[in-house]
J.: 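Please see the structure below; I have some questions.
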Amino acid sequence: MGFIGSGYIGVTIARLAVEAGHQVVLSNSRGPETLADTAAELGPRASAATSGEAAAAGDIVVVTVPVKAFPHLPAAPLADKTVIDTCNYGPGRDGHFPELDSESLTSSELLLRYIPDAMLVKAFNTIFFKHLLSLARPAGAADRSYVPIAGDSALAKAAVTEFIESIGYGVVDAGPLADSWRQATGTPVWGTPYGPFSNEKGQPAGENAIRAALATATR
């Protein structure tokens with residue numbers, strides 16, 4: 001697993017991945033030396049590298065950066081890779097993107113313009129990082145939570161589903177990237193099913209709850 005971006009969500013996914021037996025390569029915009037302590041804390045399955053090296057190393061690469069950073073992503077090493085997009089658009093942080101403001105594109109479709117040869121799957125953008133860590137459950141658990149994914153490649157979706165299931169979650173297929181607006185910031189599936197941020201443990205959200213939340217989204 002390669003990681004481009006190592007903020008709260010990125011490091012939480014990496015932590016769950018390491019616990020599930022995956023190797024992880026972390027990167028950020030400030031250089032691998034700034035991630036040495038994080039990698040050491042995650043243990044021998046974790047290392048730090050440049051974003052290009054992390055992109056090249058991963059069978060699956062997690063892109064978890066602000067939307068304004070999309071133009072700076074290493075497109076070449078992401079070609080033909082399965083890429084998980086965790087990113088949420090926030091004009092206050094990212095500035096305004098006309099295509100996103102007008103809803104003519106989803107943020108994932110915008111990302112694909114910068115890494116056009118990647119096989120992109122939207123995932124993990126709807127869950128608070130503390131809930132992501134605390135709600136992981138083994139396969140078969142009655143209180144296993146689900147997360148929505150969206151993407152255009154059946155192959156990539158299958159790979160991402162296998163990974164997500166390995167780290168303690170079930171998956172609801174929310175359709176193609178063009179439909180990923182259903183899980184964008186502020187939609188019914190964004191945050192709410194897993195409980196308020198003030199409850200750091202969160203509450204389990206099963207398959208039916210996630211499907212219902214996706215179905216009630218409006219644009």
J.: What pair of heavy atoms forms the shortest contact from Asn88 to Val67, and how long is it?
T.: O-CG2, 3.8 Å
J.: Any side-chain to backbone donor/acceptor pair from Arg137 onto Pro204? Under 3.5 Å, distance only.
T.: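 Not at all, since once roles are kept as given, no pair shorter than 3.5 Å links the two residues.
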J.: Can you name the closest pair of heavy atoms from Val25 and Ala57 and give their distance?
T.: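 The answer is CG2-CB, 4.0 Å.
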J.: Indicate yes or no for a side-chain donor-acceptor contact from Ser145 to the backbone of Ala205 under 3.5 Å, with no hydrogens or angles considered.
T.: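 Checking the backbone N and O of Ala205 against the side chain of Ser145, a donor-acceptor pair under 3.5 Å is found.
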J.: Is it possible for you to say whether Leu26 and Val62 belong to one hydrophobic cluster, with membership spreading through side-chain heavy-atom contacts below 4.5 Å?
T.: yes
J.: If you group Ile, Leu, Val, Met, Phe, Trp and Tyr by side-chain heavy-atom gaps below 4.5 Å, do Phe3 and Ile164 land in one group?
T.: yes
J.: Identify each donor-acceptor pair in which a side-chain atom of residues 70-81 lies under 3.5 Å from a protein atom, sequence neighbours left out, and give them as a table.
T.:
from, atom 1, to, atom 2, distance (Å)
Lys81, NZ, Ala55, O, 3.1
Lys81, NZ, Ala56, O, 2.8
Lys81, NZ, Gly58, O, 2.6

J.: Just by distance, do the side chain of Thr126 and the backbone of Gly191 share a donor-acceptor pair under 3.5 Å?
T.: no
J.: What's the verdict on side chain to side chain donor-acceptor pair (under 3.5 Å) for Asn199 and Tyr194, showing C-alpha distance, side-chain angles and the deciding distance?
T.: CA-CA 9 Å; Asn199 173 8; Tyr194 310 103; over 6 Å; no
J.: For the CG atom of Leu111 and the CG atom of Leu105, what is their distance to the nearest 0.5 Å?
T.: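 CG of Leu105 is found 11.5 Å from CG of Leu111.
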J.: Tell me whether Thr187 contacts the main-chain N or O of Arg182 through its side chain, where contact means a donor paired with an acceptor under 3.5 Å.
T.: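 It does hold such a pair.
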J.: Quick one: side chain to side chain donor-acceptor pair (under 3.5 Å) pairs with a partner in residues 46-63, sequence neighbours left out?
T.: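 Qualifying pairs, neighbours excluded: Thr50-Glu53.
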J.: Per the side-chain contact (heavy atoms from CB on, under 4.5 Å) rule, which among Leu132, Leu133, Ile167 passes with Arg15?
T.: Leu133
J.: For the OG1 atom of Thr161 and the CG atom of Asp173, what is their distance to the nearest 0.5 Å?
T.: 7.0 Å
J.: To the nearest 0.5 Å, what is the distance between CG (Asp152) and CG (Asp179)?
T.: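 Here the interatomic distance stands at 9.5 Å.
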J.: Within this structure, what is the CG-NZ distance for the pair Leu135 and Lys130, rounded to the nearest 0.5 Å?
T.: 13.5 Å
J.: Could you check whether Glu207 pairs with Arg144 (Lys NZ or Arg NE/NH1/NH2 to Asp/Glu carboxylate O, under 4.0 Å)?
T.: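 No, this pair does not count.
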J.: Applying the 4.5 Å side-chain criterion to the ILVMFWY set and letting contacts propagate, would Tyr114 and Ile84 be lumped into a single cluster?
T.: no
J.: First locate atom CG of Leu35, then atom CZ of Arg30, and finally report the distance between them rounded to the nearest 0.5 Å.
T.: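 Nearest 0.5 Å value for the CG-CZ distance: 6.5 Å.
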J.: Please round to the nearest 0.5 Å and tell me the distance separating atom CD1 of Ile13 and atom CD1 of Ile60.
T.: 11.0 Å
J.: Return the minimal non-hydrogen interatomic distance between Ala150 and Pro176, and the atom names on each side.
T.: CB-O, 3.7 Å
J.: Minimum heavy-atom separation for Lys122 to Ser108, with atom names?
T.: CD-OG, 2.9 Å
J.: Is the number of heavy atoms from other residues, nucleotides or ligands under 6.0 Å of Glu165 CD greater than 12?
T.: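 Yes, enclosed.
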J.: In the single-linkage hydrophobic clustering (I, L, V, M, F, W, Y; side-chain heavy atoms under 4.5 Å), do Val121 and Val147 co-cluster?
T.: yes
J.: Assigning hydrophobic clusters by single linkage (Ile, Leu, Val, Met, Phe, Trp, Tyr; side-chain heavy-atom cutoff under 4.5 Å), is Met1 placed with Ile115?
T.: no
J.: Can you tell me if Thr106 uses its side chain to pair, donor with acceptor, with the backbone of Ala178 under 3.5 Å?
T.: no
J.: For the residue pair Asn125 and Thr86, what are the closest heavy atoms and their distance?
T.: CB-O, 3.2 Å
J.: Counting only heavy atoms from other residues, nucleotides and ligands, does the tally under 6.0 Å from CG of Asp143 exceed 12?
T.: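 Result for CG/Asp143: enclosed.
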J.: Given side chains that start at C-beta, do those of Val189 and Ile210 come closer than 4.5 Å, heavy atoms only?
T.: yes
J.: Measure from the side-chain N and O atoms of Lys157 to the backbone N and O of Gly175, and report whether any donor-acceptor pair falls under 3.5 Å.
T.: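 Answer holds: yes.
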J.: Closest heavy-atom contact between Ala14 and Leu42?
T.: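 For Ala14 versus Leu42, the nearest heavy atoms are CB-CD1, 4.1 Å.
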J.: Applying ring pair (Phe, Tyr, Trp, His ring centres under 6.0 Å), which residue pairs with at least one partner in residues 124-183 are found, sequence neighbours left out?
T.: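 For residues 124-183, and leaving out neighbouring residues, the ring pair (Phe, Tyr, Trp, His ring centres under 6.0 Å) pairs sorted by first residue read Tyr8-Phe129, His22-Phe163, Phe128-His131, Phe128-Phe197.
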